[in-house]
**Student:** 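Take a look at the following structure, please.
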Amino acid sequence: MKITTGFVQTADVTVYLCPEHAGQPVPQLELRPTMKARGAVTWFYGRGEEAHVLILGLGPEARVDAERLREAAGNAARAVHKEGFATVNVMLESFVRALNGALSEEEAVRAWAEGWLLGSYAFDKYKSRKEARTVERLHLVCASEASYEEALEQTAIRTEGAMFARDLCNEPPNVLHPESLVEMVRERFAERPVNVRVYGEQELADLGMNGLLTVAQGSRYKPALIELTFCTDPSQPLLALVGKGITFDMGGMNVKSGRDISDARFDMGGSCAVLGAMDMISRSELQANIVALIAVADNMPDAAAFVPSTVVTYPNGLSVQVGNTDAEGRLVLADALLHAGRLGAREVIDIATLTGNVGEALGLSVAGAWGDRKLVETLTAIGETNGDRLWPMPLVDDYEELLRSDYADMNNIPPISYGGAIVAALFLRRFVAETMRWVHIDMANTVQAKAARGYYPAGATGYGARLLADFAVSRAEANRTAGGGEA
Ligand code: BES
Ligand code: ZN
Ligand code: ZN
């Protein structure tokens, strides 16, 4: 499919973007108010040679922003593909004009292309009947013939990174397991300006990465820590991006129950976010100093598996009682956080599908973020604009006692389930070097969409890939202008 911009062309479909209270945006058509509601998709089919008209509702005009536009574009992509049309005109110019400066034309072009491409995604490689992708030309009608080629090129890189994250996350565990993930990462980054280093069983043992080694005990696959380094400016303070990569969380010996626990393959969402971001970053001109650390294992029950009451010791001197083998994420993240400290990272963001509890607190659209206030603020602001939303959560010192163990320094589960996402963050904090500014993002609630909506298809969302890539850009800019320091 080709995306073009410029004056109006002939096409099968004309798309109009309709915020509420925007007068009558479509000539010769009387729109009902419901057609302008957020998410509304209405067809007016043309007769003979007439173009078909697609009306997209954007909701209250005051709340229209780039994210609403991405959402509408995702909905439009699915609707047009479903009808099987080949060429599309999107009336961006009149929409941008009606918004009176809320969005520039370039912002609208980027947002539309991003939403459309992400919304066209389908993980259908295992279906014998693929979902049709019929659109050949997507033409964005603009006020001039100005070129948006670079913007569209950057958008393509962005969406391909996010779709890489989705692909990895969606892939079932018979294809993607700890060992094949390592190979897939090597392959993806082979031609990129990224150094790939994999710590296998022996190196993990040498470095005392006992969380990974313990969790992986019940698996037929070896665990690994994947270290990806992107360093185009060694003078910048090192930023570490840490991802939880449990390729399947069966719960271990505290085996998960349920009629269908297929979603446990999404437990690598954090590492997918990091890998997706690195995919984007490594195709950009960014001047930065970044290391990605992916903690890879699966969590299986087996005769050799670790059992509850096992004690794991870490090289920072802490011992952990495994109260429950299903709280495995924090055990492997501890290794990666300690490793970030060893590498001398000054800032570290860890991202993980860590607790079911985060969804109790924040619902299914907004991830939770703990740690350094300034960095959380920066991340929150980025998420508000790019759609990977998160919200600040507290590190409650009073809850430290919930980590208490009778015979080790700490337990991997608290005795009560209230505040479980906070307690998990407190657990991780104990593995963060004092020299590092740290943020923990729990994305267990945003890793997947149960049904298609906006630019999310059903399945893995790719959450966090755009967030971390944009954050890396913002940190590099801050380092350049302020010489580092404040976020
Ligand atoms: N990967 C899960 C968290 C999770 C739950 C992700 C639901 C996505 C959807 C994690 O390893 C886990 O099992 N956490 C337990 C912790 C508990 C045993 C303290 C949980 O949240 O129930
Ligand atoms: Zn678990
Ligand atoms: Zn897990």
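The basis for the numbers below is simple: all heavy atoms, side chains too, and nothing from hydrogens, waters or symmetry mates. Read the numbers this way: they start at 1 and go in the same order the structure lists the ligands and their atoms.
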**Student:** Please confirm whether Asp249 comes within less than 3.5 Å of ligand 1 when only nitrogen or oxygen atoms on both sides are compared.
**Tutor:** yes

**Student:** Between Lys125 and Glu171, is there a side-chain N and carboxylate O pair less than 4.0 Å apart?
**Tutor:**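 Salt bridge between Lys125 and Glu171, a charged N being under 4.0 Å from a carboxylate O: yes.
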
**Student:** Might you confirm whether atom NZ of Lys127 has over 12 heavy atoms from other residues, nucleotides or ligands at distances under 6.0 Å?
**Tutor:**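 No - once you tally the heavy atoms of other residues, nucleotides and ligands closer than 6.0 Å, there are 12 at most.
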
**Student:** According to side chain to side chain donor-acceptor pair (under 3.5 Å), does anything in residues 458-467 pair up with another residue at least two apart or in another chain? List the pairs.
**Tutor:** Glu114-Arg466, Asp388-Arg466, Tyr455-Arg466

**Student:** So which protein heavy atom does atom 10 (C) of ligand 1 come closest to, and at what separation?
**Tutor:** Leu354 O, 3.3 Å

**Student:** Students should be able to answer this: which protein heavy-atom is nearest to atom 16 (C) of ligand 1, and at what distance?
**Tutor:** Arg330 NH2, 3.9 Å

**Student:** Under a 4.0 Å heavy-atom limit, does Met443 contact ligand 1 with its side chain, its backbone, both, or neither?
**Tutor:**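 Looking at Met443 and ligand 1, no heavy atom falls under 4.0 Å.
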
**Student:** Would you say ligand 1 has an N or O under 3.5 Å from any N or O of Thr353?
**Tutor:**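 Indeed, backbone or side chain, Thr353 has an N or O that close.
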
**Student:** Between Glu328 and the Zn ion (ligand 3), is there a contact where an N/O/S atom of the residue lies under 2.8 Å from the metal?
**Tutor:** yes

**Student:** Does a sphere of radius 6.0 Å around CZ in Arg342 hold more than 12 heavy atoms from other residues, nucleotides or ligands, not counting ones at 6.0 Å or beyond?
**Tutor:**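 More than 12 within 6.0 Å, yes.
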
**Student:** How far is atom 4 (C) of ligand 1 from its nearest protein heavy atom, and which residue and atom name does that atom have?
**Tutor:**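 I find the closest protein heavy atom is Gly356 N, 4.0 Å.
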
**Student:** So, Asp397 and Arg429, do they make that salt bridge, N to O below 4.0 Å?
**Tutor:**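 Here Asp397 pairs with Arg429 in a salt bridge, since their nearest N and O are under 4.0 Å apart.
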
**Student:** Only heavy atoms of Ala444, strictly under 4.0 Å: list the atoms of ligand 1 that pass.
**Tutor:** 6 (C), 8 (C)

**Student:** Is it the side chain (CB and beyond), the backbone, both or neither of Asn412 that lies under 4.0 Å from ligand 1, heavy atoms counted?
**Tutor:**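 The answer is neither.
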
**Student:** Is atom NZ of Lys256 surrounded by more than 12 heavy atoms (other residues, nucleotides or ligands) closer than 6.0 Å?
**Tutor:**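 Yes - once you tally the heavy atoms of other residues, nucleotides and ligands closer than 6.0 Å, there are more than 12.
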
**Student:** Kindly indicate, with the supporting measurements, whether the criterion side-chain hydrogen bond (donor to acceptor under 3.5 Å, both in side chains) is fulfilled by Asn75 and Glu71.
**Tutor:** CA-CA 6 Å; Asn75 287 331; Glu71 179 182 280; 5.1 Å; no

**Student:** For ligand 1, find out whether one of its N or O atoms is nearer than 3.5 Å to an N or O atom of Asn357.
**Tutor:**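 No, since none of the N or O atoms of Asn357 sits under 3.5 Å from an N or O of ligand 1.
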
**Student:** What do you get for the angle at the Zn ion (ligand 3) between OD2 on Asp249 and OD2 on Asp267, to the nearest 10 degrees?
**Tutor:**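 If I round to 10°, I get 90°.
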
**Student:** Measure across Gly59 and Val64 and return the closest heavy-atom pair with its distance rounded to 0.1 Å.
**Tutor:**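 Smallest heavy-atom distance, with atoms named: O-CG2, 4.3 Å.
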
**Student:** Are any non-hydrogen side-chain atoms of Asp279 and Arg192 less than 4.5 angstrom apart?
**Tutor:** yes

**Student:** Between the side chains of Arg475 and Glu477, is the shortest nitrogen-to-carboxylate-oxygen separation below 4.0 Å, so that they form an ion pair?
**Tutor:** no

**Student:** Just which atoms of ligand 1 are under 4.0 Å from any heavy atom in Glu328?
**Tutor:**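 Listed by number with element, the hits are 11 (O).
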
**Student:** Short list, please: which atoms of ligand 1 are under 4.0 Å from a heavy atom of Lys244?
**Tutor:** 1 (N), 10 (C), 11 (O)

**Student:** Can you check which of Ile246, Asn324, Val423, Asp326 brings a heavy atom nearest to atom 12 (C) of ligand 1?
**Tutor:** Asp326

**Student:** Could you list which atoms of ligand 1 come closer than 4.0 Å to a heavy atom of Ile413?
**Tutor:** 18 (C), 19 (C)

**Student:** Which part of Asp267 is near ligand 1, with near meaning a heavy atom under 4.0 Å away: side chain, backbone, both or neither?
**Tutor:**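 Asp267 to ligand 1: side-chain contact only, backbone stays beyond 4.0 Å.
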
**Student:** Decide whether a cation-pi geometry holds between Arg166 and Phe123; the criteria are a distance under 6.0 Å from NZ or CZ to the six-membered ring centre and an angle within 45° of the ring axis.
**Tutor:** no

**Student:** Mind checking whether the Zn ion (ligand 3) has an N, O or S of Lys244 under 2.8 Å?
**Tutor:** yes

**Student:** Could you tell me, atom by atom, which parts of ligand 1 come under 4.0 Å of a heavy atom of Lys256?
**Tutor:** 13 (O)

**Student:** Shortest non-hydrogen contact from Val348 to Val242?
**Tutor:**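 Looking at all heavy atoms of both residues, the shortest contact is CG2-CG2, 3.8 Å.
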
**Student:** Determine whether any protein heavy atom is located less than 4.0 Å from atom 22 (O) of ligand 1.
**Tutor:** no

